[in-house]
Amino acid sequence: MPNFIFITGGVVSSLGKGLASAALGAILQSRGYTVRLRKLDPYLNVDPGTMSPTQHGEVFVTDDGAETDLDLGHYERFTGVAARKTDNVTSGQIYSDVIAKERKGDYLGATIQVIPHVTNAIKDFIVSDLGKEDFVLCEIGGTVGDIESLPFLEAIRQLGNELGKQNTCFLHLTLVPFIAAAGELKTKPTQHSVKELQSVGIRPDIVLCRTEATIPDEQRNKIALFCNIPQNAVIEALDAESIYDVPLAYHKTGLDSVICDHFGLKPREPKLKIWHEITSAIKNPEGQVKIAVVGKYTSLIDSYKSLAEALVHGGIANNTKVDLTWIDSSELLNDESLKAKFENIHGILVPGGFGERGSEGKILAIKFAREHKIPFLGICFGMQMAVIEAARNVALILNAGSTEFGQCSSPVVGLLTEWIKDDNIIKRSSEDDLGGSMRLGAYECHLSSGSLVESIYNKGIIFERHRHRYEVNIEYKEDLQNIGLQFSGMSPDGILPEIVEYNNHPWFIGVQFHPELKSKPFDPHPLFSGFIGAAFKYSRLV
Ligand code: GLN
């Protein structure tokens, strides 16, 4: 049985529990331990796939096709361990499984209750599908005190008893705010939060305190005293300049040593070279580029979490600082507004998206990138809009559009009704449920020899993650290739266009998949390294 670390949060939301879990995973790995990270989300949606990105942030897709919480993206980026379907569950999923079992009569006439049926289902999930991992880090979404979290807290409390103290550790993340009027850091919210946790029977072993200033010994002692833990288990999590500073910062505070002590593990020398290299590359860039991201969920930057990080990784690969300008595509109305917005921009990126609103602005931005030979990367919806732009403005198929926006006489992008997954034919229709019905997860893609993408990936077959319902219509392949837009990546059966690129533009690539989901600071995705490299070259020309 692995060692379980349960991570809860208190005081306020948005403290960065996901990031804290991910960074903790990374420092445990640096000591040679294997880790697995999981997230339990208390909300009632079965998965976040149907949630608005501006409310809940990005939907992170795993190789095995699950639509999961964006924290799983942090986990993957910090540890390199590919997240799986079995690493994220919601109350909605738990309840729908329990109710399905009840309907089948599996409970043999019992009265179905939160304790034990729901809590048992949660515990089964936590210990299921594990291999030989040394540590399983299990984050509970939400904030202690939320009604929805109670079954999850009860489940981990029970597991703590069942598996024993030597196999479980409870880490509670809180906020120690600086109150300007008093001129000091305040520990009371942390005391209250721990009290709340104790009221459901969980005594934290470690309290991780987010703070903007160093916590003086006096306050640290106070937290230790009131929370009933040793002083060295009160760990300071000082605000960091970059999220990639966090693993080193945690190590400095002794968090990994406290955890190893807790589990009775002999200390192993940590290997932190990679994190030193990453932070040093971010702090000492040799160049700088400005990238415009033209999307419609720009009001919440978390909607594009993996994308923003992948661009940083592209910067690391090129020793370049990447400045992002977020542009709401609905504000792009004509050539004049484009010129103003794209002044001093060295690369344009149109990310994934859904629905017609803002699509014309994206098409205008793509036209601008094509005509001015500005490096361009279109992702998923961004590729679909690039193909529509090419069809309308270059191939002169004037009614070119996507059936996502309604009936269309030239459906250059159309509903994907049939595709192959692991030798099985998957079928979809416009009547299907919205949840979980897209083409999801990793698919193989074959790259044309001699193409720009082949040189970027330096191989002929790639696997990338998808999340889409529409697809570029292969019927228009010839018309589009004739005007220079090459279909340089295709599904193995040659039916689904996965990548397009212009052969008369220095760097213009559209991809049907989401490369940002696989990028890591220690292994930047080649498309992002290539894009930032091209933007840097362009910045030298203008
Ligand atoms: N809305 C488009 C589709 O479903 C693109 C999706 C996306 O960008 N992820 O095909």
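Positions are given from 1 along the sequence. All ligand and atom numbering here is 1-based and tracks the order in the structure.
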Is the closest basic N to carboxylate O distance between Glu331 and Lys341 below 4.0 Å?
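Yes, this pair counts.
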Is it true that Met438 lies under 4.0 Å from ligand 1, counting heavy atoms only?
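No, Met438 has no heavy atoms under 4.0 Å from ligand 1.
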Please identify which atoms of ligand 1 are closer than 4.0 Å to at least one heavy atom of Gly352.
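The list of qualifying atoms is 8 (O).
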Within ligand 1, which atoms have a heavy atom of His514 less than 4.0 Å away?
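Near His514, meaning under 4.0 Å from one of its heavy atoms, ligand 1 has 9 (N).
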Backbone or side chain, does any N or O of [X] fall under 3.5 Å from an N or O of ligand 1?
| X | result |
| --- | --- |
| Gly355 | no |
| Glu471 | no |
| His468 | no |

Can you tell which part of Arg467 has a heavy atom less than 4.0 Å from ligand 1: side chain, backbone, both or neither?
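Backbone only.
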Between Phe376 and Trp507 (judged by ring centroids, cut-off 6.0 Å), do the two rings come close enough to count as a pair?
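No - the distance between ring centres of Phe376 and Trp507 does not fall below the 6.0 Å cut-off.
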Using the ring centroid of each side chain, check whether Tyr43 and His56 are separated by less than 6.0 Å.
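Aromatic pair counts; centres sit under 6.0 Å.
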Nearest protein heavy atom to [atom], by residue and atom, and its distance?
| atom | value |
| --- | --- |
| atom 10 (O) of ligand 1 | Tyr470 N, 2.7 Å |
| atom 7 (C) of ligand 1 | Cys380 SG, 3.0 Å |
| atom 3 (C) of ligand 1 | Arg469 N, 3.4 Å |
| atom 2 (C) of ligand 1 | Glu404 OE1, 3.3 Å |
| atom 5 (C) of ligand 1 | Gly353 O, 3.3 Å |

Any donor-acceptor N or O pair under 3.5 Å, side chains [X], [Y]:
| X | Y | result |
| --- | --- | --- |
| Glu444 | His446 | yes |
| His468 | Arg439 | yes |
| Glu58 | Ser306 | yes |

Positive for side chain to side chain donor-acceptor pair (under 3.5 Å) with Asn88, one of Asp71, Thr62, Asp47, Asp41
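So, applying the side chain to side chain donor-acceptor pair (under 3.5 Å) to Asn88 and each of Asp71, Thr62, Asp47, Asp41, only Asp41 qualifies.
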Lys NZ or Arg CZ of Arg540 over Tyr538 ring: under 6.0 Å, within 45°
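The answer is no; the distance or angle limit is not met.
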